[in-house]
2 protein chains.
Amino acid sequence: MVKITDVARHAGVSPSTVSYALSGKRSISADTRRRIEASIRELGYRPHAGARALASSRSNVLALVVPLRTGMHVPVVMQFAVSVVTTARRHDHDVLLLTQEEGEEGLRRVADTALVDALIVMDVQMHDERLPLLRALDRPSVLIGFPAEPAGLTCIDLDFRAAGAACVQQLALLGHRCVALIGSPPEVYLRQTGFAQRVAEGFTATATRHGLTSSVHPCEASPAAARAVAERLLREHPALTGVVVHNEPVLEPLVDAFEQFGLRVPGDLSITAICPDEPAARTRVPVTSVAIPTAEVGARAVELLMRKLDGAPVPEATLLAPRLTLRGSAAPRA
Amino acid sequence: MVKITDVARHAGVSPSTVSYALSGKRSISADTRRRIEASIRELGYRPHAGARALASSRSNVLALVVPLRTGMHVPVVMQFAVSVVTTARRHDHDVLLLTQEEGEEGLRRVADTALVDALIVMDVQMHDERLPLLRALDRPSVLIGFPAEPAGLTCIDLDFRAAGAACVQQLALLGHRCVALIGSPPEVYLRQTGFAQRVAEGFTATATRHGLTSSVHPCEASPAAARAVAERLLREHPALTGVVVHNEPVLEPLVDAFEQFGLRVPGDLSITAICPDEPAARTRVPVTSVAIPTAEVGARAVELLMRKLDGAPVPEATLLAPRLTLRGSAAPRA
DNA sequence: CTGAAAGCGCTAACAT
DNA sequence: ATGTTAGCGCTTTCAG
C-alpha cells in the first residue's frame, strides 16, 4: 500500500506538505503542488480513510436512517436516498445506510464510535422516540419531517399545510364551491404523523377563507374503501364538484369509482392531489398534483448538515414551498 | 471521549487485555472478563471506528452499489438494500451506499481508501464494465446477477432459467399443449441483460421437452403494446391456452386485454408469471408466479462476503431455486 | 492468562 | 512556504 510518506519522498517534500496540498489548509507554491500531484498520480496514492478519521476526527461519512414501515411509499424513500448520496458525494462525503429497525441504539452506535460525522433521519414522527437522543448527541443531525416539538433540532420537509392549501386554492380559483379532502387512513392521523394533519389544516383553512363548503374524509388504502368513500361523498354532498386526494394508493381507484358513478373528470368533478408524480400521471385522467420534492429535500438536508459541520448557523425549520403540476384533472366548474 | 486505556485503568488490566476481551481473539479469565465488561458499561466505552480500522486494517463496512434505473425495479432494490443492511448488522458490519453513477471510480475509491472491506454490486449486466476492476481489486466482492463470463467472480441470483422452466412446466402439468412467453421489451434482450435471455431459454427448452408448441414474444412496457401482443397471439395461435409473462408492467394490462377479448382466466387461458409478489397478487385474477427472492438474495450475498473475508472458499455461482406461488390464474386445460 | 510496546497512516500544532 | 514531530485510539506481535 502506498502511503503519504511514499508520496512525500517521491515528490521531495515532507508528509505534512502532501497532507496540506490535499486538504488545502495552507498555501503551497504552485511548483510544489504540481510535483505532489504528479507523484500522487504516478504512485496511485489514496489516503487511508481510517487513518484520516483517526487523526482528524472526521470520517467524512454521513448516516442516513431510512424507514421500513409499510405505507411509506418505497420509491420515494429510494429517491431521497439517491439524492442524499449524490449530494453527499458532491461534498466529499459518503453515506452509511441504517434501517429504522436499529433504533436509538443504532444512532448512538454510529455516532459514538465516530463512524459518522452527522446524521439524516427520515420519516420523523410527531413524538418520535429518537428526538431526545438526537438533541443530546454530540454530532449534528437533520430530520426529514417535522415532529410536534422541533425546537433545538434542524428539520426540513415539504410545507404540507401549504400543499393542502394549494390544492384547494386551485379548485377555488376554478370556481368550485363545495369541496372535500379524501385523506390518509384513520391510523395515520391517530399515529400523529404530522404531515397528514397539516394537510387537513391547510385544506380546511383555505377552503374556509375562500368561502367554500368543505369536509374531510379519512380513507383506508383499499379500492373498496375508495369506492365506499366516493359513494358516500356523492350521496351526502350532492353539490360537491371538487376533491383533494391525499392518499396515494386510492388515487386510481377513486378516479375509477367516480367515473363509474357517472361523473366525468374533470367535467363534473375536479380533482387535485398530494402524491408522487408517477401515480398522478398514470391515472386514466392524469391528476393535477403536488409532489414531495424528494430530490430537493435530500439535497437540502445534506447541505444543512454540511453547514452545521462547518459550525455555521442554520435555520431550525426549512419548509419547501409546494408546486402544483397541472395535468388536466381540474377544470372550471361547469 | 472514553478510550480503551480508560477502561483498562478502571478494570485494572492492560489495554491489550481489553482489546482481546472485546475481540475474543484470546482467552480471558472469567473474572477479568467480568471486570472489563463492567468497566465498559460503567464508562460507556465505544471503540473508535477509525482507530480500529487503522490498527486492524478492517473497517467492518461493506459497500452496496445500487442501480438508479427507472421506476419498476425500485421497490425491489429497496428490499435488497434492507436485507443486505440487516444481514450485515447481524455480522457486525455496516453498509455504505454507493450509486451506480459513481461507476468504476467509486468502487476504486472506497476500496483503495480502505473505507470498506468488501463490495456487493447489484444489477450486473452481461458485459458489465466494472468486471475487470472487480476481478483486480484487492477486496472481495459479490455480484447480484450473472454476467456473460462469471469466472473468477462470485455471483448470486435467482435461477432465471429454472424460473422460466417452472412457469411453463406448471402449464404442461395442467395439460396445456400450446403456450407462449410474453417477455421483456426488445431493448432488454438487445442490452443483453442475461436474465431475460435465460428465462426464454428455460421456457423454450422445457416446453420442447414436454412436447408443447411454444413461441416467444418480446413486448414493450405499455398497455397498448400488451393489447397488441394479446390480440396477435390469439389470432396467430388459436390453440393457445397457456401464457408465461415475464414483464411486470404489462401483467395487469395483459390480463385485462385477454378478458376483453373474451377469454376467461383461468377458464380459457392459464397464466403464470415471473415478477414480484405484489403486482402478481393485485391483478383482477391473482397470478401464479415466481418472485425474485430479494430477502434471501441479499442475505446470502452478505454471507458469501463474510466467508470470503474469513478467507474461506465460496462457490463462484449461487443460483437460487425458483418457487412458484400458486394464486389461481393457472388451471387444468378445459 | 496477561502485559509492554511498537506501530497502523495521517493530521495539525509548533517550528523555522 | 515548508519541515519536524507528537499524537489520534486501537490491535497485535513479542515476552513472560
Side-chain angles (χ1 to χ4, degrees), chain A residues 1-37 39-40 43-61 92 109-117 138 309, chain B residues 1-37 39-40 43-61 92 109-117 138 309:
Chain A
M1 183 202 195
V2 34
K3 37 200 183 196
I4 201 168
T5 52
D6 299 327
V7 175
R9 195 175 325 111
H10 187 273
V13 298
S14 77
S16 62
T17 302
V18 177
S19 176
Y20 284 120
L22 246 30
S23 69
K25 288 187 182 170
R26 77 183 187 191
S27 43
I28 305 280
S29 75
D31 177 56
T32 306
R33 150 157 289 131
R34 254 190 299 281
R35 281 202 335 274
I36 291 175
E37 280 166 1
S39 298
I40 288 177
L43 302 180
Y45 169 67
R46 299 279 196 171
H48 187 287
R52 205 168 228 198
L54 179 57
S56 67
S57 24
R58 275 297 176 83
S59 66
N60 275 36
V61 175
D92 195 31
R109 183 175 60 81
V110 297
D112 289 353
T113 61
L115 188 49
V116 307
D117 295 334
D138 59 333
L309 283 171
Chain B
M1 183 203 195
V2 34
K3 37 200 182 196
I4 200 168
T5 51
D6 299 327
V7 176
R9 195 175 323 113
H10 188 273
V13 297
S14 76
S16 61
T17 302
V18 176
S19 176
Y20 284 119
L22 247 29
S23 68
K25 288 188 182 170
R26 77 183 188 190
S27 43
I28 305 280
S29 76
D31 177 55
T32 305
R33 148 156 291 129
R34 254 191 300 281
R35 285 207 325 281
I36 291 175
E37 280 165 1
S39 298
I40 288 177
L43 302 180
Y45 168 67
R46 298 278 197 172
H48 187 287
R52 205 168 228 199
L54 178 57
S56 67
S57 23
R58 276 298 175 85
S59 66
N60 275 36
V61 175
D92 195 32
R109 183 176 60 81
V110 296
D112 289 353
T113 61
L115 187 49
V116 307
D117 295 334
D138 59 333
L309 283 170

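Nearest heavy-atom pair, B:His48 versus A:Ala53, reported as atom, atom and distance to 0.1 Å: CE1-O, 4.2 Å. Heavy-atom minimum distance, A:Ser59 versus A:Asp117: N-OD1, 2.8 Å. In this structure, B:Arg35 and B:Gly12 approach most closely via the heavy-atom pair NH2-O, 3.9 Å. Scanning both residues, A:Val18 and A:Ile4, for their nearest heavy atoms gives CG1-CG1, 3.6 Å.
A sub-4.0 Å separation between OP1 or OP2 of D:dA1 and a side-chain N or O of A:Arg26 is absent. At D:dT11, none of the side-chain N or O atoms of B:Lys25 fall inside 4.0 Å of OP1 or OP2 (strictly under the cut-off). Between C:dC10 and A:Tyr45, a contact under 4.0 Å exists linking OP1 or OP2 to a side-chain N or O.
Judged by distance alone, with hydrogens and angles left aside, the side-chain atoms of B:Asn60 form a donor-acceptor pair with the main-chain N or O of B:Asp92 at under 3.5 Å. At distances below 3.5 Å, not a single donor-acceptor pair connects side-chain atoms of A:Arg46 with backbone N or O atoms of B:Thr113.
Listed by residue number, A:Gly12, A:Val13, A:Ser14, A:Ser16, A:Thr17 are the residues of residues 8-17 of chain A with a heavy-atom contact under 4.0 Å to DNA chain D. Annotation: proximity of residues 27-37 of chain B to DNA chain C (heavy atom, distance under 4.0 Å) is found for B:Ser27, B:Ile28, B:Ser29, B:Thr32, numbered in ascending order.
Using a 4.0 Å heavy-atom distance criterion, B:Ser19 is classed as a base contact.
With C:dA12, C:dG9, C:dG7 as the candidates, the nucleotide lying closest to the side chain of A:His48 is C:dG9. Side chain of A:Met1, nearest nucleotide from C:dG9, D:dT11, C:dT11: C:dG9. Side-chain atoms of A:Ala51 lie closest to C:dG9 of the nucleotides C:dG9, C:dT11, D:dT11.
In this structure, CG of A:Leu22 is placed 14 Å from C1' of C:dA12, rounded to the nearest angstrom. In this entry the distance linking CG of B:Asp112 with P of C:dG9 reads 14 Å, nearest Å. Atoms CG (A:Leu115) and C1' (D:dC10) sit 15 Å apart, rounded to a whole Å. A straight line from CD1 of B:Ile4 to P of D:dT12 spans 11 Å, rounded to a whole angstrom. For the pair A:Leu54 CG and C:dC8 C1', the computed distance is 9 Å after rounding to whole Å. Here the P atom of nucleotide D:dG9 and the NZ atom of B:Lys3 are 4 Å apart, to the nearest Å.
Taking the salt bridge (Lys or Arg N to Asp or Glu O under 4.0 Å) definition, one finds that A:Arg33 meets it with A:Glu37, sequence neighbours left out.
Taking 3.5 Å as the limit, the base of C:dA4 and the side chain of B:Tyr20 contain no donor-acceptor pair of atoms between them.
A salt bridge links A:Arg9 to A:Asp6: one of the charged nitrogens lies within less than 4.0 Å of a carboxylate oxygen.
Side-chain contact between B:Val61 and B:Leu115 is absent, with no heavy-atom pair separated by less than 4.5 Å.
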